Amino acid sequence: MVAVPLQSAAHADETSPSPGTTTVTPALATTSPARVTSSTVQAGLTGASTADCLDYANDFDPSVSNISPGPAIAPYTSEPAAVDAWFNTTDVEERGIYNPNDQRPWKFAQQFARLLCYSAPNADITAAYYFFRATNNSNTDEFNRPESDSETVFRVLQWLAQNRNVKTEVLLDNTNTCTTNAANETCTNIMTPTARAALEKRFAQIPGSTVTYCINGCFNTARYGVYPYAIEHEKFITVSDTVFPGSGAGTHPLVISTSANLARSQIRNYRQEASEIYDDQTAWQLFSQRFKGMQDCALNSCAYLGSSTVYNTDNPDLATTPPNPLGLIQEDDRRIWVDPILRHTTDAGRGTSITFSPGRNADVNSFDVYVNQFDNVDCGTDAKIRVAMFKLTDAKADKMAATLKSLTSRGCDVKMLMTSEAGQTIISTSVRNTLTAAGVDFKCAVDGMHTKLILIGPESGNLGSVLTGTENMSVAGQLYNEEHVIAFDARKATGATRTAIRAVYDDYQHEWFELSRGASKSNCGAK
């Protein structure tokens, strides 16, 4: 397993303003409010090797970028495991949770670059995230906050475009943060105009790349100044084909899922994790199609999904409606395209399933992937339940507390970690009291913790399940935002994939233990 990398500035992620947001003003009047496209991809391929890509990813010029090279990036000597995981724990231990004087890229970000360097010639890369940040050397404030972690990845994307004709498409959120419709209210976006300008300037240097923005979520057709509020909260990367040593003939796609946005404020200030899924054709297809659907909604008002007719999910004639490419339906009460399938299974023998949000509102609990998973636990077999979650909201706390209490009453050993007071979202008094009243064993970590993790397995051993992704325990995460949860189940996997999942389960168990060191209820900072 990869033992890897968290940096600075205020944490902007995971906040959900109240209903009634005002219309978003495009951050850059000189560009399309939805998409920015760079120059055409170069037609010819060079003879540059993957080793050159790895070197280029780390080849910063301090006189230009104010960034020093980080640790060398090791090449792969064989294919990666079917499933793998890495964390920023190593960097936190080596360099501390916050060190603005050391601008070298972190190993956590370097692992993203390392994997991407093996993209095949003419491959397609998609990346859907809440936000990115890039260094802007023309602005003093931005120059003094160099984004070396992001730049490590951006350099790889540029190298791939120039040397392997690889095309990169990016989807980001640009929802405003207004909380009322007051006439004089000042609105901001998750990326300020300066930050967005810096990002677009950087992607303009990556041939063939595009950057598209969702506003009020992608699948939410109630776009401006109205309830419901939503965000495009995804954090995944897909690669259509890779060329790792020994990979052989055929296509070998790659999916990366992470809790961290591509910004030093995320990677170095908060405990984060990432997972890799290699050579799973269905997983790649699900995520890449998901990207295309979100992108089309941002650009073409969801024309890709078919008719603009608003479907009533209680309508018995719904089954006669022609299916759209993503299999989504639109709920008329919320004006949101939702995924009616709770879990999409991937390739045979992989033991992997994927849940996408926003999900159905018909039965909010049965379509909650976390509640559903907990309700189906056999405590005689899987007695050990460990949860590490950035956010548990007031609206979700009652049901989650009851579910965790039920697990305890059935004989399960349940322990829950949440983020410390260092996190922007403070655990409310209501949530704290609800968990306490239910007898849930909960604590808050010492550091800010952006993790979304559930482990379900036996008291000893690693033949269990890992749930990870982007979705917090919140109503917004389940019913409004674009999110995903991946479940890796060792018992449902076979062969080398089962071995890989068991190793990942061990890695996540160790990470949960590391997060729990020094954890206490006093760290929760309830107000």
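Below, all heavy atoms of this structure are taken into account, side chains as well, without hydrogens, waters or symmetry copies. Keep in mind it's a predicted model, so treat the numbers as computed, not measured.
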Just checking, any donor-acceptor pair under 3.5 angstrom between side chains of [X] and [Y]?
X    : Y    : value
H450 : Q272 : yes
E471 : S357 : yes
T242 : S119 : no
T89  : E514 : no
E79  : Y278 : yes
R133 : N261 : no
H484 : S257 : yes

Next on the checklist: Determine whether the interatomic SG-SG distance for C302 and C297 falls below 2.5 angstrom.
Outcome noted: yes
Checklist entry - Could you go step by step and tell me if D447 and R271 meet the salt bridge (Lys or Arg N to Asp or Glu O under 4.0 Å) rule? => result CA-CA 7 Å; D447 298 326; R271 297 282 189 149; 3.1 Å; yes
Is a side-chain donor or acceptor of [X] paired with a backbone partner of [Y] at a separation under 3.5 angstrom?
X    : Y    : value
N58  : G70  : yes
D339 : T355 : no
D91  : K107 : yes
R104 : S148 : no
N472 : M389 : no
E93  : R95  : no
T419 : M449 : yes
T168 : I125 : no
D489 : S465 : no
D347 : T282 : yes

Please report the interatomic distance [atom1]([X]) to [atom2]([Y]), rounded to the nearest 0.5 Å.
X    : Y    : atom1 : atom2 : value
E511 : T468 : CD    : OG1   : 10.5 Å
F60  : E151 : CZ    : CD    : 5.5 Å
R360 : D368 : CZ    : CG    : 14.5 Å
F132 : L172 : CZ    : CG    : 5.5 Å
I231 : N174 : CD1   : CG    : 12.0 Å
F154 : L157 : CZ    : CG    : 7.5 Å

Checklist entry - Would R290 and E482 satisfy salt bridge (Lys or Arg N to Asp or Glu O under 4.0 Å), going step by step from the backbone distance to the final call? => result CA-CA 10 Å; R290 184 79 174 176; E482 282 79 38; 5.8 Å; no
[X] and [Y]: which non-hydrogen atoms are nearest, and at how many Å?
X    : Y    : value
D296 : A303 : OD2-N, 3.0 Å
F367 : P340 : CE2-O, 3.3 Å
A298 : C214 : CB-SG, 3.8 Å
R498 : A493 : NE-O, 3.1 Å
A123 : D241 : CB-O, 3.7 Å
G359 : L479 : O-CD2, 3.7 Å

Tell me, do [X] and [Y] make a side-chain contact under 4.5 Å, heavy atoms counted?
X    : Y    : answer
R164 : N122 : no
R114 : L54  : yes
L417 : W512 : yes
D149 : L262 : no
L455 : I385 : no
K399 : V371 : yes
Y118 : P80  : no
L342 : N372 : yes

Checklist entry - Taking it one step at a time, do R491 and D382 satisfy salt bridge (Lys or Arg N to Asp or Glu O under 4.0 Å)? => result CA-CA 11 Å; R491 292 193 183 93; D382 291 323; 2.8 Å; yes
Item to check | K415 atom NZ, over 12 foreign heavy atoms within 6.0 Å | outcome: yes
Checklist entry - Does NZ or CZ of R196 fall inside the cone over Y213's six-membered ring, less than 6.0 Å from its centre and within 45° of the axis? => result yes
All salt bridge (Lys or Arg N to Asp or Glu O under 4.0 Å) counterparts of [X], not counting sequence neighbours:
X    : result
D59  : none
R410 : none
R350 : D280

Item to check | SB check R202 E147 (cutoff 4.0 Å) | outcome: no
Item to check | Close aromatic pair by centroid cut-off 6.0 Å: H233 and Y129 | outcome: no
Next on the checklist: Aromatic contact between Y505 and F488, with the criterion being ring centroids under 6.0 Å apart: yes or no?
Outcome noted: no
Next on the checklist: Out of the candidates N462, D507, T497, only one should pair with R502 under the side chain to side chain donor-acceptor pair (under 3.5 Å) rule; please name it.
Outcome noted: N462
Checklist entry - Do the ring planes of F112 and W86 sit parallel (below 30°), tilted (30 to 60°) or perpendicular (above 60°)? => result perpendicular
Item to check | Verdict with supporting geometry, F356 and F219, ring-ring contact (aromatic ring centres under 6.0 Å, His included) | outcome: CA-CA 12 Å; F356 291 111; F219 292 131; 9.1 Å; no
Next on the checklist: Please evaluate residues V156 and C53 with respect to the criterion side-chain contact (heavy atoms from CB on, under 4.5 Å), reporting the C-alpha separation (whole Å), side-chain torsions for both, the decisive distance (0.1 Å), and the verdict.
Outcome noted: CA-CA 6 Å; V156 169; C53 178; 3.9 Å; yes
Checklist entry - Looking at L453, I501, I486, I456, which one forms a side-chain contact (heavy atoms from CB on, under 4.5 Å) with V466? => result L453
Checklist entry - Does the side chain to side chain donor-acceptor pair (under 3.5 Å) test come out yes or no for T126 and T238, once each step is laid out? => result CA-CA 5 Å; T126 66; T238 74; 2.5 Å; yes
Checklist entry - For E483 and T470, what are the C-alpha separation, side-chain angles and deciding distance, and is it a side chain to side chain donor-acceptor pair (under 3.5 Å)? => result CA-CA 6 Å; E483 314 261 13; T470 67; 2.8 Å; yes
